[in-house]
Structures are given as C-alpha cells and as structure tokens.
Amino acid sequence: MSTTLTSKGQVTIPKQIRDALNLAPGCSVDFVVNREGDVVIHKVSARASHKPDRFESARGKADVKWRTDDLMALLRGEG
C-alpha cells in the first residue's frame, strides 16, 4: 500500500489500515518511529486522548454552599 504526500505534508491513511485500527473521522492517532526507522501508527484510546481537567478531582467536593452574591461581597470586602 502506498499513498502520496501532499504539499501540506498530509497523507490519506489507506482504507485497509483505517478498518484494521477501527479509525473513524475525528479519531486521534499517534505516530512513532521504531528502531528500524519504520513509522508505526497507533489509535489513541478515548481515555488517553482526553486531557485531564486539573479541577475534576475537586469539582463538587465543597461542603460550604455559597450564594453568588454573598461570595462576591466577601471577595470585594463588602459588609
């Protein structure tokens, strides 16, 4: 299987490879060059491609229920 590199450096992944890796439009892939100089393509799993949110572990854990007006007044130094 061969494909042609475009002027933008893009290639089309052949259908047989897309089918073998179960790739669909929007899927993330990872390219690696091994010791022999071969390029290996891996499908990035949905979990691995999701960048962790640094606030996710804290979300919903607060035990103090602030009303927006009260919190804004506190932050502004009012009353």
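Predicted, not measured: the structure shown is a model, and the values here were computed from it.
Clustering ILVMFWY residues whenever any of their side-chain heavy atoms sit less than 4.5 angstrom apart, transitively, puts L21 in the very cluster that holds M1. By the rule that hydrophobic residues join a cluster once side-chain heavy atoms approach within less than 4.5 Å of another member, I13 and V39 end up as members of one cluster. Cluster membership for L5 and F31, using ILVMFWY side-chain heavy atoms within less than 4.5 angstrom, is not shared.
Looking at residues two or more places apart in sequence or on another chain, you find a side-chain hydrogen bond (donor to acceptor under 3.5 Å, both in side chains) between K15 and D19.
For T4 against V11, the heavy-atom pair with the smallest separation is O-CG1, 4.0 Å. Of all non-hydrogen atoms in V29 and V44, the two that sit nearest each other are C-CG2, 3.7 Å. Between V32 and H42 the shortest heavy-atom distance is CG2-CD2, 4.1 Å.
When the shell of 6.0 Å around CD of Q16 is examined, it contains 12 or fewer heavy atoms from other residues, nucleotides or ligands.
At least one donor-acceptor pair under 3.5 Å links the side chain of K43 to the backbone N or O of N22.
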Would you check, one step at a time, whether the test side chain to side chain contact (heavy atoms under 4.5 Å, CB included) holds for R18 with I41? CA-CA 10 Å; R18 294 192 315 263; I41 182 173; over 6 Å; no
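Distance check, rounded to the nearest 0.5 Å: CG of L75 to CG of D70 gives 11.0 Å.
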